[in-house]
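See structure below.
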Amino acid sequence: MYGRNIHALVIKFGCEFDTFVCNSLLNFYSIFGRTDEAQNLFDEMPQRDVVSWTSLISGYTKHGKMGRATELFSEMPDRNEVSWVVMISGFVGIGRYNDALRYFNDMLCDDKVKPNEPVFVCVLSACAHLGALDQGKWIHVYIDKIGMSKSSNISTSLIDMYAKCGRIDCANRVFNGTSKRDVLTWTSMISGLSMHGLGEDALRLFSQMLAAGIKPDNITLLGVLNGCSHSGLVEEGCSVFNDMENLWGISPKIEHYGCVVDLLARAGQLERAFEVVRGMPMEPDIVIWRALLSSCRVHRNVDLGERIGDHISQLDPSFHGGGYVLLSNLYASVGRWDRVDRVRKQMNKKKIELNTGCSWIEVDGVVHEFLAADKLHPRITEIHEKLNEVLKRARIEGGYVTNTNQVLFDLSEEEKEQAVSWHSEKLAVAFGLLSTDSGTPIRIVKNLRICEDCHSAMKAISRAFSREIVVRDRSRFHSFREGNCSCKDYW
DNA sequence: TTAGGGTTAG
């Protein structure tokens, strides 16, 4: 309302209002997602400067209109550091990490600007999401080369990037070399250790942080709880959870409940986990149910699984996807194909869309993407041939036996074997073996959790080919070496 | 003195 009145004044008095005032209003519209009004004002402004352009673009990037932002960015007469950061962070915000890195490279070619702290934070985050270690390392070297002071923000981003690219050793080195550590620096290191299944180390670091007089925030505690969860440190995790309020004045949010439920359920204490859910002061969301359901599958508890399935079907259908897959997998794991069929019919009826499995692998600084049953990669025929050969060798030399009980539908054994052999992480590993030298570790990032079959395949492949294979899935790292996984099969 | 950044459980 207030904005509209000022808008009318600006139009009426036109030139009497300087660009500064117009920009302020433009920014007001942009912040609140009123992009049409921002665009109208921009079109009517007598004079525009780089701030006007950047404000308008920022309005588009922050509200999911990246296409329009890209158009304007290419039209704008001159750009400064802020304009580049707006575009790059816009791409990071919608998960177009490769585009973020592409724009960063373009920025480096623009003589009029120099990369600064915000842009490094953005691109390191893009590398972290992609698991693009080579590019992340290159950016680290670049930061050192231009002599940018290592602020705690830059350290935090580097630690996060290395941890998420599978190099917890490098993350540790950065952490140890950082003199100014704030809560974010500690948190990114703790979360990194947790993600790697190093729960004891995460707890130790957490104690050091407290001893250093740094107060944890709710994200630090998520990192700690997650570490306990992935390492089976049930009592330690519960005591951190119970002390949150008293010791640090942080009341548990649904995310913290999610961690505790996961902690108990993973350890097989399903009923205790269910009790926690029932005692929660807030409504459980799909995430909580999924954590429980996934452990029901691991521990083959069909009864509880069915009860959870009922709860899930009462939630908003747009959240059902992953939940139904888990339920179906649970039935499949105990051979209840009639139930699997029923879930499948429900899914069809409710027109539930599933997330496609997707894996990335970086080879020579280029990130390659594979979808489940991919036919898009230019070398796909060659990759399929390689995969057949790899799985054959994994069977003979690595003791791999196809585990098809995770397949969603009741297919023939042979068809099921086909279905799991198309999983994106298997395509990625075949591509990795095809295009890297022997002895080089293979690093894969996956958008979903790795399935049981792929997990045992990776173990066998690591033995048969004497290769270290690191898979970062949706929840943690699996480092396969000589037939074993760093998660000790606790996932 | 109007535009820009990150960590986050499953």
Side-chain angles (χ1 to χ4, degrees), chain A residues 17-31 38 48-59 61-62 76 79-90 92-93 100 113 115-126 128-129 151-161 163-164 182-192 194-195 216-230 237 241 252-263 265-266 284-295 322-323 326 448-449 473-476 491:
Chain A
F17 278 82
D18 61 9
T19 314
F20 178 89
V21 176
C22 288
N23 284 347
S24 304
L25 180 57
L26 186 50
N27 187 41
F28 167 86
Y29 286 141
S30 287
I31 286 171
R48 305 167 191 130
D49 60 12
V50 65
V51 179
S52 330
W53 283 88
T54 308
S55 275
L56 181 65
I57 293 174
S58 167
T61 63
K62 285 203 177 116
M76 70 191 290
R79 302 158 183 150
N80 63 13
E81 279 81 0
V82 183
S83 330
W84 283 100
V85 173
V86 165
M87 287 305 289
I88 293 169
S89 71
V92 171
V113 294
N116 55 9
E117 186 176 307
V119 88
F120 284 125
V121 167
C122 284
V123 289
L124 285 171
S125 162
H129 281 282
S151 65
S152 64
N153 289 336
I154 293 275
S155 296
T156 301
S157 298
L158 285 170
I159 292 165
D160 180 56
M161 180 278 290
K164 288 192 178 143
D182 60 13
V183 62
L184 276 76
T185 324
W186 286 93
T187 300
S188 66
M189 192 64 225
I190 290 170
S191 308
S194 299
M195 212 183 292
D217 63 14
N218 58 353
I219 297 167
T220 319
L221 294 173
L222 280 180
V224 175
L225 290 172
N226 188 31
C228 294
S229 179
H230 287 298
F241 180 75
K253 298 204 297 182
I254 195 157
E255 292 93 330
H256 302 99
Y257 277 97
C259 282
V260 173
V261 169
D262 186 57
L263 169 79
R266 240 179 240 276
D285 61 2
I286 184 70
V287 179
I288 302 261
W289 292 126
R290 240 179 4 216
L292 255 184
L293 198 46
S294 134
S295 291
L326 284 171
L448 305 172
R449 280 176 74 170
D473 75 4
R474 191 190 170 92
S475 76
R476 61 166 295 151
W491 51 287

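Proteins come first, then strands; the chains are lettered A, B, ... in the order of their sequence lines, and each starts at number 1. Because the structure is predicted, anything quoted here is derived from the model rather than measured.
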- Task: For A/Ser157, report the nucleic acid contact type (base, sugar-phosphate, nothing); a contact means any heavy atom under 4.0 Å.
- Result: nothing
- Task: Name the nucleic acid region contacted by A/Val287, choosing base, sugar-phosphate or nothing; use a 4.0 angstrom heavy-atom cut-off, strictly under.
- Result: base
- Is the backbone of A/Ser52 close enough, under 3.5 Å, to the side chain of A/Ser55 for a donor and an acceptor to pair up by distance? no
- Message: I need the CG-P distance between A/Asp160 and B/dG6, as an integer number of Å.
- Response: 11 Å
- Considering just the side-chain nitrogens and oxygens of A/Lys62, establish if one lies under 4.0 Å of OP1 or OP2 belonging to B/dG4. yes
- Item | Side-chain donor/acceptor of A/Ser295 to backbone N/O of A/Arg266, under 3.5 Å | yes
- Taken to the nearest whole Å, CG/A/Leu158 to C1'/B/dG6 is 12 Å
- Message: If the cut-off is 4.0 Å, is A/Arg266 near the phosphate of B/dG10, judged by side-chain N/O to OP1 or OP2?
- Response: yes
- Query: Is any side-chain N or O of A/Asn218 closer than 4.0 Å to OP1 or OP2 of B/dT8?
  - Reply: no
- Message: So, OP1 or OP2 of B/dT8: does either fall under 4.0 Å of a side-chain N or O from A/Lys164?
- Response: yes
- Query: Considering only B/dG10, B/dT2, B/dA3, which nucleotide approaches the side chain of A/Ser24 most closely?
  - Reply: B/dT2
- Query: Which nucleotide sits closest to the side chain of A/Arg449: B/dG5, B/dG10, B/dA9?
  - Reply: B/dG10
- Have a look at A/Thr54 and say if it touches a base, only the backbone sugar-phosphate, or nothing, with a 4.0 Å heavy-atom cut-off. base
- Message: Measure CG/A/Leu292 against P/B/dG10 and give the value in whole Å, please.
- Response: 14 Å
- Message: Does A/Leu184 reach a base, just sugar-phosphate, or nothing at all? Heavy atoms under 4.0 Å.
- Response: base
- Query: Can you find an N or O donor on one side and an acceptor on the other, under 3.5 Å apart, linking the side chain of A/Asn153 with the base of B/dG6?
  - Reply: yes
- Between B/dG6 atom P and A/Ile154 atom CD1, what is the distance in whole Å? 13 Å
- Query: Does the side chain of A/Asn80 come under 3.5 Å of the side chain of A/Ser83 through a donor N or O and an acceptor N or O?
  - Reply: yes
- Message: Under 3.5 Å, is there a donor on one side chain and an acceptor on the other for A/Asp49 and A/Thr19?
- Response: no
- Message: Using a heavy-atom cut-off of 4.0 Å across all strands, would you classify A/Asp49 as base, sugar-phosphate, or nothing?
- Response: nothing
- Item | Nucleotide nearest A/Leu222 (side chain, heavy atoms from C-beta), chosen from B/dT8, B/dT7, B/dG10 | B/dT8
- A/Asn116 has its side chain closest, among B/dA3, B/dG4, B/dT2, to B/dG4
- Check the distance between B/dG10's P and A/Leu263's CG and give it to me in whole angstrom. 11 Å
- Side chain of A/Val121 (C-beta onward), nearest among B/dG6, B/dT8, B/dG4: B/dG6
- A/Phe28 CZ to B/dA3 C1', straight-line distance once rounded to whole Å: 16 Å
- Task: Consider the side chain of A/Ile219, meaning its heavy atoms from C-beta on, and name the nucleotide among B/dT2, B/dG5, B/dT8 that approaches it most closely.
- Result: B/dT8
- Note on the structure: From CD1 of A/Ile31 across to C1' of B/dA3 the rounded distance in Å is 9 Å
- Message: Check the phosphate of B/dA9 against A/His230, side-chain N and O only, distance under 4.0 Å to OP1 or OP2. Yes or no?
- Response: no
- Could you tell me whether A/Thr187 contacts a base, only the sugar-phosphate backbone, or nothing, with contacts defined as non-hydrogen atoms closer than 4.0 Å? base
- Query: Should A/Ser83 be listed as having a side-chain N or O under 4.0 Å from OP1 or OP2 of B/dA3?
  - Reply: no
- Measure from CH2 on A/Trp53 to P on B/dT2 and round the result to the nearest Å. 22 Å
- Task: I would like to know whether A/Asn27 and A/Ser24 meet side-chain hydrogen bond (donor to acceptor under 3.5 Å, both in side chains); could you show each step before the answer?
- Result: CA-CA 5 Å; A/Asn27 187 41; A/Ser24 304; over 6 Å; no
- Message: Applying side-chain hydrogen bond (donor to acceptor under 3.5 Å, both in side chains) to A/Asn153 and A/Thr156, what does each step give before you reach the verdict?
- Response: CA-CA 5 Å; A/Asn153 289 336; A/Thr156 301; 5.3 Å; no
- Message: Categorize A/Asn27 for me: base, sugar-phosphate, or nothing, with a 4.0 angstrom heavy-atom threshold over every strand shown.
- Response: sugar-phosphate
- Item | No-hydrogen, no-angle side-chain donor-acceptor test under 3.5 Å, A/Ser155 and A/Thr185 | no
